[in-house]
Amino acid sequence: MNILEGLNSAQRQAVEAPEGPILVVAGPGSGKTRVLTHRVAYLVRERGVKPYHLLAVTFTNKAAREMKERLFQLLGSGLREITIGTFHATCVRILRRESERAGVERSFVIYDENDQTNLVAEAVDELGLDKKAYRPRAFLAAISHAKCELIPPSAFPTPTYWHEIAGRVYHRYQELLATNKALDFDDLLTKTVDLFRNEKDVLDKYRRRYQHVLVDEFQDTNMAQYELVKLLTLEHRNLFVVGDEDQSIYTWRGADFRNVHRFRKDFPEASVILLEQNYRSTQNILDAAHSVISKNEARVEKRLWTEKECGLPLTIIEAYDEEEEAQYVLGEIQRLEARGVCDLGDCAVMYRTNAQSRALEDAFVRAGVPYRLVGATRFYERREVKDIIAYLRLVHNPYDALSLLRIINVPRRAIGKKTLKQLMEWVNRLGISIYTALGRLSVQEAEETPFHPRSKRILSEFANLLEELIDAGQRLDLLELFDLVLERTGYAEYIRDGTEQGEERWNNVMELRTVASEYADLATQVGLTTFLEEVALVSDVDNYDERANAPTFLTLHMAKGLEFPVVFIVGLEERVLPHSRSFDDREAMEEERRLCYVGITRAKERLYLIHTFRRTLRGLSQVNTPSRFLLDIPQKLVRGSTGYERTTRLPRGPATVEVHQFNPGDKVRHPQFGEGVVVSSKLVGDDEEVVVAFVGMKPKRLLVSFAQMEKLLPTRG
DNA sequence: AGCGCTCAGCTTTTT
DNA sequence: GCTGAGCGCT
């Protein structure tokens with residue numbers, strides 16, 4: 001199979017580029033994964049680069065997996081020696097291998113955001129600060145940001161008193177991580193950078209190993225990631241990066257698309273290749289996308305084009321409120337499916353915030369139409385799943401105090417607040433870990449302990465349980481260990497309390513068990529380590545099943561990298577998209593625009609942009625204006641005679657409605673909701689808002705100018 | 001230990 | 001308007 005076959009000239013140019021730094025600017029749908037995989041295949045097949053010398057980094061496990069699959073088609077099993085993975089997974093492997101040189105515990109556990117918050121809270125506590133006045137989340141954000149920029153506690157800038165405190169929290173937080181033998185997500189990167197900076201021979205080893213480095217979604221790299229890549233490649237300069245600043249939507253997480261500019265400065269000889277041909281969307285969709293994104297100032301102009309026809313016009317709809325918005329989406333999806341235009345699974349509904357999924361879910365549940373919700377409550381964040389993982393983490397690393405405290409009284413074993421407080425004080429006084437302290441309890445020494453005899457007995461029983469599990473971890477495979485944890489803790493009896501929720505929780509535990517069973521074949525401790533890593537580093541999108549035949553509900557952030565024949569973007573209103581939080585910050589506003597751009601460019605054929613007249617936000621129902629992004633889309637791309645027509649004439653002219661058209665008791669007919677009775681009516685601005693009780697539905701609020709209601713039997717003149 | 005109350009908070013969330 | 005944390009009461 002010819003690697004260059006079927007590639008357009010820009011793609012081919014990227015794939016065949018000579019050695020040295022290369023920047024591929026790849027717009028949405030321009031075949032960037034294709035370029036990346038073909039580049040790898042090209043290096044191996046045509047340039048004789050050994051797969052062993054290749055490193056390809058992605059941001060998500062899903063992207064990594066896709067890349068492996070596609071490379072398998074090109075290279076067969078030759079891909080096995082290639083290192084393909086996320087930044088974090090790659091760093092974990094390096095850190096475990098070089099644990100001694102990196103100065104990290106070999107059996108470190110990985111703390112996720114939740115663990116991090118808890119640990120910061122602990123640091124805040126220890127510094128004698130009030131958690132109400134000094135919110136741990138805010139500190140964590142600042143700390144994480146600093147770490148992404150490779151700023152250690154000692155160099156943490158303290159422009160304000162708050163920052164000064166934050167610096168102290170940061171310092172203590174790092175100490176706590178160390179005593180727990182834990183690394184957080186950011187540490188995985190920074191510790192690897194430190195390793196490479198401090199241990200020249202280790203760096204040299206990896207430089208020799210990774211003679212070609214490829215980076216996907218380069219606009220999403222943070223400083224630490226860029227530094228990592230730079231350290232590896234500065235000498236041989238074989239760095240191939242693919243990115244698109246217009247799709248940078250994670251700057252709030254430390255991603256910095258200015259890395260593109262840094263790259264151009266650090267690698268001035270780099271060739272820059274633009275991929276502008278789009279293989280996904282119709283020209284109308286691309287034009288709409290361009291009209292939105294081109295308003296951003298901080299960008300290099302590029303314009304996507306396609307060989308496809310201009311396609312259908314976009315549909316812009318104004319719904320009365322979020323309920324009607326959901327109703328419209330539901331109705332339209334059903335209509336498209338009924339007409340055989342598309343399958344349910346071809347449709348996606350995207351929104352700015354997760355809270356917006358509710359109205360949609362309500363409507364779909366009521367209509368009995370299935371849907372897939374991506375994200376919401378994530379599997380690995382469920383209480384029962386975290387409990388079991390905490391037990392397994394302890395087997396792996398009993399110094400993980402966070403996990404220990406999580407389950408010391410789960411299921412309940414009568415270790416309450418008081419005992420726990422005594423335990424912590426005792427542990428702090430002795431300056432030892434909780435695990436070590438627990439071990440001392442069972443030793444029959446005359447050592448003074450602060451506990452009530454009963455508590456002491458219970459604690460020591462718990463210590464024995466822990467010891468037994470740790471011991472079992474040396475001998476049993478992961479599945480056996482998993483079952484032993486359940487058995488010895490009585491977890492099933494604890495969680496299955498006879499309620500429906502209890503059953504669901506138990507099902508989640510069993511689902512986790514299925515995941516664990518995949519690691520049962522591995523050597524005892526390797527299985528546990530790999531499993532824990534996997535669990536710490538996967539996300540929900542990774543498990544997104546593309547085959548189920550139901551529409552997908554997801555946030556715009558999660559939509560990145562995906563595509564759908566039919567896309568609905570809902571909530572296109574000022575303060576929703578763009579989000580109200582971004583109003584006083586130009587850069588944040590540009591990011592909102594990019595988010596909108598990402599959403600639009602997910603659509604292959606049909607795009608619906610929906611806004612509401614009024615929306616309930618944080619319990620407050622208020623009138624909303626259409627999103628500024630909507631106003632940037634030229635009318636000629638839009639299907640005429642929609643509600644949008646009306647709103648574009650805002651501000652409305654002189655009042656056209658001065659008297660009520662409808663009065664309580666009027667019988668009316670609505671094209672969608674059928675017959676009903678008017679409950680109330682009031683004049684709002686120049687329009688009339690009525691509440692109507694339709695047959696078999698709860699009363700609805702409607703706007704007379706929009707709802708095409710017909711009066712059936714006028715009661716009074 | 002477990003409950004119910006109040007109050008503050010409230011985007012997005014690749015790893 | 002809903003949720004989660006903290007607190008006080010039983």
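Sequence lines set the chain letters: A, B, ... in the order given, protein chains first and strands last, and positions in each chain run from 1.
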Does A:Leu183 reach a base, just sugar-phosphate, or nothing at all? Heavy atoms under 4.0 Å.
nothing
Which part of the nucleic acid does A:Ala414 contact within heavy-atom distance under 4.0 Å: base, sugar-phosphate only, or nothing?
sugar-phosphate
Think A:Arg505 forms a cation-pi with A:Tyr491, using NZ or CZ under 6.0 Å from the six-ring centre and within 45 degrees of its axis?
no
Within 45° cone and under 6.0 Å: A:Arg96 NZ/CZ vs A:Phe108 ring
yes
Between A:Gln327 and A:Tyr320, a side-chain donor and acceptor under 3.5 Å:
no
Pair [X] + [Y]: basic N to acidic O under 4.0 Å:
X	Y	result
A:Asp400	A:Lys181	no
A:Arg594	A:Glu245	no
A:Asp632	A:Lys295	yes

Please tell me if A:Arg412 has a side-chain N or O lying less than 4.0 Å from either OP1 or OP2 of B:dG2.
yes
Can you tell me the distance, in whole Å, between the [atom1] atom of [X] and the [atom2] atom of [N]?
X	N	atom1	atom2	answer
A:Phe59	B:dT13	CZ	P	16 Å
A:Asp244	B:dT14	CG	P	20 Å
A:Arg93	B:dT15	CZ	C1'	13 Å
A:Asp186	B:dT13	CG	P	18 Å
A:Arg615	C:dG1	CZ	P	15 Å
A:Leu617	C:dC2	CG	P	14 Å
A:Tyr134	C:dA5	OH	P	22 Å
A:Arg358	C:dC2	CZ	P	6 Å

Grab the N/O contacts between the protein and nucleotides 6-12 of chain B below 3.5 Å, and write none if there aren't any.
unit_1: B:dT11; atom_1: O4'; unit_2: A:His579; atom_2: NE2; d: 3.2
unit_1: B:dT11; atom_1: O2; unit_2: A:Arg352; atom_2: NH1; d: 2.8
unit_1: B:dT11; atom_1: O2; unit_2: A:Arg352; atom_2: NH2; d: 2.5
unit_1: B:dT12; atom_1: OP1; unit_2: A:Asn354; atom_2: N; d: 2.8
unit_1: B:dT12; atom_1: O4'; unit_2: A:Arg352; atom_2: NH2; d: 3.1
unit_1: B:dT12; atom_1: O2; unit_2: A:Trp252; atom_2: NE1; d: 3.4
unit_1: B:dT12; atom_1: O2; unit_2: A:Arg352; atom_2: NH2; d: 2.6
unit_1: B:dT12; atom_1: O2; unit_2: A:His557; atom_2: NE2; d: 3.4

Does A:Arg253 make a side-chain donor-acceptor contact with the base of B:dT15, cut-off 3.5 Å?
yes
Ring centres under 6.0 angstrom apart (A:His557, A:Trp252):
yes
